2 protein chains.
Amino acid sequence: MFVLEKQRQRAPSARSLQTRARILDAAELVFAERGFEGASIRDIAHLAGVQVGLVAHHGGSKEELFHLIVARRAGELSRLRINALEAARASAPLDLATILDCFIRPYVELAQGGDSHWVAYGRLVAHVSADPRWRDLAAECFDRTAQRFIAEIAALFPGAGPGTVAAGQVYAVSAMLAHVHSAWRIGALSPGSDAVGLDRLIAFCTAGVYAILTSDG
Amino acid sequence: MFVLEKQRQRAPSARSLQTRARILDAAELVFAERGFEGASIRDIAHLAGVQVGLVAHHGGSKEELFHLIVARRAGELSRLRINALEAARASAPLDLATILDCFIRPYVELAQGGDSHWVAYGRLVAHVSADPRWRDLAAECFDRTAQRFIAEIAALFPGAGPGTVAAGQVYAVSAMLAHVHSAWRIGALSPGSDAVGLDRLIAFCTAGVYAILTSDG
DNA sequence: GTCTATAATGAGATAGAC
DNA sequence: GTCTATCTCATTATAGAC
């Protein structure tokens, strides 16, 4: 991997990689905070501490940059989820609560672990899911893993229609995102609550999904 | 109400009211489709079929216009929800499923009834809920009714903490919004499904809320 | 790779004619 | 009330110096 032909081909210097990472990280925060249209390349550059032109240099156009940062985290998160699923399957037969736990817990623990970029990613996903403009991006980044989990759940409930499983998945994801990025709303509606509640979230989703799957067909 | 002093004070003509309504309706669709920053006054004017200057004349600044259209529908929807709650209470003691039904059904039926403006309103609410920038607007437009429903639910489950009830409410609302504005995702994940499923949505929320309330405290 | 400067576009808001 | 025209500002993207 470490070829020494820096003369012939451009080998990204450590400095370059660091700049690129700073730009992507800043873009993540700004896009999440203000949405695609509300974010400006200037804000991203300012937050990253680089010059405006560098953003285009490392991230391409605004749309390419957006695509880049969503795909980056989506890929990482998908791996974590699939790994959790495989680990759980290795230790015991999968049940509904475990499957949903494998989907929900990796992300929520990252988001609640103090990494603002994972909180930001949740908002990004909300933006992508809400806007049909990002339909292709959503399909590319989310669908493979979502389909995988849907198939696992469907295998447990052979009588349920595919639309019911998909609906449960979408509802669960939306509750998960609300849990992270609308925590301020929960707090506003109930002053003085604990506000952690990952197990509570998973219990909510499990009971909801179970209810619609067992009443189906 | 119909005073005849059109000479002294400006009495809005029928034409004016119609123009104003067209502008508000167009703004609703454009804001919902592209978000606050992504929407342009020019697009709104074009969709409404009026000149650009008229938007500012009838809607004020861009922020005022946004506030106006959100508050308008939120007020109407709140009335429908409270009316449903009172009607249900009059006929039978309230249970959890009924309370959630009174909250969810009025909106989803409007959105699924073919009125694109109510679908658009769902997207607007998603934008408002996701962006802390609209915290005050959310508090002004949503909190009173949400608190009312939270209180009704809390009365049924005296042992549950207030944070749990609020969390259930937020999860249910997010699932409801996902049901409407991410219907395309459910369809994408399960080709050929029916895609109506209001009862299914209410069953999901009821089971989820019930689960976290009964396991609490 | 990095930075400066600028081009080209589109935005919101407003003044004034009709 | 309506419409035209324009002001001012911020945006993305890019060309070129170092």
Side-chain angles (χ1 to χ4, degrees), chain A residues 3-31 33-69 127 133-134, chain B residues 2-69 127 133-134:
Chain A
V3 285
L4 293 177
E5 333 182 58
K6 50 158 53 170
Q7 306 293 5
R8 281 227 319 234
Q9 284 294 67
R10 54 190 175 277
S13 69
R15 170 99 180 273
S16 172
L17 289 174
Q18 188 182 352
T19 300
R20 180 188 164 89
R22 276 221 309 279
I23 289 171
L24 292 185
D25 288 348
E28 201 159 44
L29 296 179
V30 175
F31 276 130
E33 181 81 13
R34 331 250 291 234
F36 179 78
E37 331 278 351
S40 79
I41 301 289
R42 291 176 141 71
D43 290 339
I44 293 169
H46 182 255
L47 181 61
V50 303
Q51 295 302 315
V52 188
L54 280 199
V55 177
H57 185 274
H58 285 281
S61 75
K62 198 180 179 185
E63 278 206 17
E64 288 166 343
L65 179 60
F66 188 78
H67 188 117
L68 211 60
I69 60 176
H127 281 123
R133 164 181 189 169
W134 304 115
Chain B
F2 289 100
V3 285
L4 293 176
E5 335 181 58
K6 49 157 56 167
Q7 305 294 5
R8 280 226 323 234
Q9 284 294 66
R10 52 188 177 278
S13 69
R15 170 98 181 274
S16 172
L17 289 174
Q18 187 182 352
T19 300
R20 179 187 164 89
R22 276 220 310 278
I23 289 172
L24 292 185
D25 288 348
E28 202 159 44
L29 296 180
V30 175
F31 276 130
E33 181 81 13
R34 330 251 291 235
F36 179 78
E37 331 278 351
S40 79
I41 301 288
R42 290 174 148 75
D43 290 339
I44 293 170
H46 182 255
L47 181 61
V50 303
Q51 294 302 316
V52 188
L54 280 199
V55 177
H57 185 272
H58 286 281
S61 74
K62 197 181 180 185
E63 277 207 17
E64 288 166 342
L65 179 59
F66 188 77
H67 188 118
L68 210 61
I69 60 177
H127 282 123
R133 164 180 189 172
W134 303 114

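Since this is a predicted model, take the numbers as computed values, not measurements. Protein chains get the first letters and strands the later ones, always in sequence-line order, with residue 1 at the start of each.
Taking 4.0 angstrom as the limit, A/T19 places none of its side-chain polar atoms (N or O) nearer than this to OP1 or OP2 of C/dG1. An OP1 or OP2 oxygen of C/dG1 is reached within less than 4.0 angstrom by no side-chain nitrogen or oxygen of A/H58.
For the pair A/R20 CZ and C/dT2 P, the computed distance is 12 Å after rounding to whole Å.
Here the closest non-hydrogen pair linking A/H58 and A/R20 is O-NH1, 3.3 Å. The minimum heavy-atom distance between B/A27 and B/L65, with the atom names listed, is CB-CD2, 3.8 Å. The two residues A/L24 and A/I69 come nearest to each other via the heavy atoms O-CG2, 3.7 Å.
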Can you give one letter per nucleotide of nucleotides 3-18 of chain C, going 5' to 3': B for a protein heavy atom under 4.0 Å from the base, S for sugar-phosphate only, - for none?
SB------SBSB----

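The shortest side-chain heavy-atom distance between A/K62 and A/F31 falls under the 4.5 Å cut-off.
Annotation: the span from A/E28 atom CD to A/E33 atom CD amounts to 13.0 Å, rounded to 0.5 Å.
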